[in-house]
2 protein chains.
Amino acid sequence: MRPTEKPFTLTAQKVSCGRCCLRELCAPVEVTPEQEELLHALVRQQHLNIRRGEHLYHAGMPFHSLFAIHTGSFKTYMLADNGRERVEGFYLSGDMLGMDGISGDTYTLSAMALEDTGVCVLPFQRLEEITRELPLQRQFHRMMSREINRDKGIMMMLGQMTADERLAVFLLNLSQRYEARGFSATEFTLKMSRQDIANYLGLKAETVSRLLSRFQDDGLLTISGKSVRLADLNQLRGVLGFGDGIYFDQLP
Amino acid sequence: MRPTEKPFTLTAQKVSCGRCCLRELCAPVEVTPEQEELLHALVRQQHLNIRRGEHLYHAGMPFHSLFAIHTGSFKTYMLADNGRERVEGFYLSGDMLGMDGISGDTYTLSAMALEDTGVCVLPFQRLEEITRELPLQRQFHRMMSREINRDKGIMMMLGQMTADERLAVFLLNLSQRYEARGFSATEFTLKMSRQDIANYLGLKAETVSRLLSRFQDDGLLTISGKSVRLADLNQLRGVLGFGDGIYFDQLP
DNA sequence: GCGAAAAAATGACTTAGGTCAAGAGGCTCT
DNA sequence: AGAGCCTCTTGACCTAAGTCATTTTTTCGC
């Protein structure tokens, strides 16, 4: 999986840090070069590399920072008292992670890397200061609200959709997000296990397996292990019987 | 349904506006009298009375304000393209409404009054200014994050819980929220229809009806129309088979 | 306070998705 | 490279919750 678009020059790479790590935060905002430098300074401050299967943070850990995913992907999940796990979301490069921690002193979710990853650490206090100084406060609030609306979309799904609708929404959403990152919208790798997908969708792994096979039989997609090729996006949208998109308010 | 605690004096009533409308925002923060006056000015600016069944805002309407519920309660819901409705939440007095609108220029949900209500209008731009000036920015972020975590809780529920667990969580959550507002934790009125409860919980109205009857047969509660009396909170918690509380991170 | 209309309760029956079990690939670690 | 362990797939069967239909209760407009 690699970008289908222009490769980065060295200068572009530097810019890409603002555009990539923090793109969710400052996407459509105009900042002066000095302000941009301020942001870069924040981002550059601390990088982390988390290996596949390792945690970026655990539920209950003291909250100090948000994280911008530079490369790789994460799942977030919570563990109920009785041990039931619930996968809350999948986060790709450019997504912001850790907003669950803002409301308290600790994170409420755990974040596990689905592959080897690189993240930028954004000390929250400093970030609050910067968003206050730069014209980013509104942007920051938008970002949080987007997270709220994303969750509303998932609730819609979990509350009302059938199993095949859920899987279709999931695939279309991934497709859309990869596309927004310059990757192919129709061919990508599922970094997460069937079990994780199922859990996220409120289903069982067997059901996801069966549905993937059925979608393949119906010519909607080709799947082999973790690699999917969406053969017919429109037909896949057809599974929903109506427009999609509202379900996962993603980046503008 | 009336507060079980001390009645308000006139002065208390004035204070109560900060404590009631905005309690979610500034609950544990110490503000100077002048700052408090600033807040009150914001709150006093515009009041609305919305009658049962009327809307406070519709999905798609331009976003300008948040709303603090002074008295009464609302449901928020979204309508999918195909007409399916999804109830997203129930909001009681003191709750903040409208955060779904922050991420865009319009509200993404609709908010309908479940009874005759009074709300304070909080122009968002002005609110952002105030939270920046007063030491409330962090509080405001907390409030938004709480909304995020609340949704995570609902997702947990919709994704993994059985019908009776869902209903038990729902009732316990309401109980807790009424208690936090000074009402009885065990006797209250369901302002919303069975249909709304069912929709919110990802069930069908018939299932909710049957479960309420079964809970009554099992001695967990007494229900008559819209009035519930939770007879045995612990037994109700027992339906969950484990601790509750994490599912609906409410006010501190 | 009355009658129409909506909401709620209840019963009979159906079904989508879960459960359990067994086999097939496909990674990882030496 | 090969053993062992996951993860995935597939089949057979089961059950929780949904659907549909009917009755009862509540609500609301006049």
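Note: hydrogens, waters and symmetry copies are ignored here, and every other heavy atom, side chains too, is used.
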**OP:** Carefully, step by step, assess Phe67(A) and Tyr57(A) under the rule ring pair (Phe, Tyr, Trp, His ring centres under 6.0 Å).
**Re:** CA-CA 10 Å; Phe67(A) 304 95; Tyr57(A) 56 84; 5.7 Å; yes
Original post:
Which nucleotide in the set dA17(D), dG17(C), dC8(D) lies at the smallest distance from any side-chain heavy atom of Thr162(A)?
Top reply: dG17(C)
**OP:** Calculate the interatomic distance between Leu201(B) atom CG and dG18(D) atom P; express it in whole Å.
**Re:** 10 Å
**OP:** Would you indicate which nucleotide in dT19(C), dA8(C), dC8(D) comes nearest to any side-chain atom of Ser193(A)?
**Re:** dC8(D)
Original post:
If you look at every strand shown and take non-hydrogen atoms under 4.0 Å, does Gly202(B) touch a base, only sugar-phosphate, or nothing?
Top reply: sugar-phosphate
Subject >> Interatomic distance, Asn199(A) CG vs dG17(C) P [rounded to whole Å] >> reply: 17 Å
**OP:** Would you classify Leu203(B) as touching base, sugar-phosphate or nothing, given that sugar-phosphate means primed atoms plus P, OP1 and OP2, and contacts are heavy atoms under 4.0 Å?
**Re:** sugar-phosphate
**OP:** Using a 4.0 Å heavy-atom cut-off across all strands, classify Arg52(B) as base, sugar-phosphate, or nothing.
**Re:** sugar-phosphate
Original post:
Is the closest basic N to carboxylate O distance between Arg52(B) and Asp116(B) below 4.0 Å?
Top reply: no
**OP:** For Leu190(B) and dT27(D), give me the distance from atom CG to atom P, rounded to whole Å.
**Re:** 12 Å
**OP:** Looking only at side-chain atoms of Ser213(A), point me to the closest of dC20(D), dG18(C), dT9(D).
**Re:** dT9(D)
Original post:
What does Ser209(B) touch in the nucleic acid at a heavy-atom separation under 4.0 angstrom: a base, only the sugar-phosphate, or nothing?
Top reply: base
Original post:
In terms of side-chain geometry, is the basic nitrogen of Arg237(A) or Glu165(A) positioned less than 4.0 Å from the acidic oxygen of its partner?
Top reply: no
Original post:
Does a donor on one side chain and an acceptor on the other come within less than 3.5 Å for Glu115(A) and Ser73(A)?
Top reply: yes
**OP:** In whole angstrom, give the distance that lies between atom CZ of Arg194(A) and atom P of dG17(C).
**Re:** 18 Å
**OP:** Can you figure out which of dG17(C), dA8(C), dA17(D) approaches the side chain of Thr207(A) most closely?
**Re:** dG17(C)
**OP:** State which of dT19(C), dA8(C), dT19(D) makes the closest approach to the side chain of Glu206(A).
**Re:** dT19(C)
Subject >> Leu212(B) CG to dT25(D) P, straight-line distance once rounded to whole Å >> reply: 17 Å
Original post:
What about Arg210(B): does its side chain form a donor-acceptor pair under 3.5 Å with the base of dG18(D)?
Top reply: no
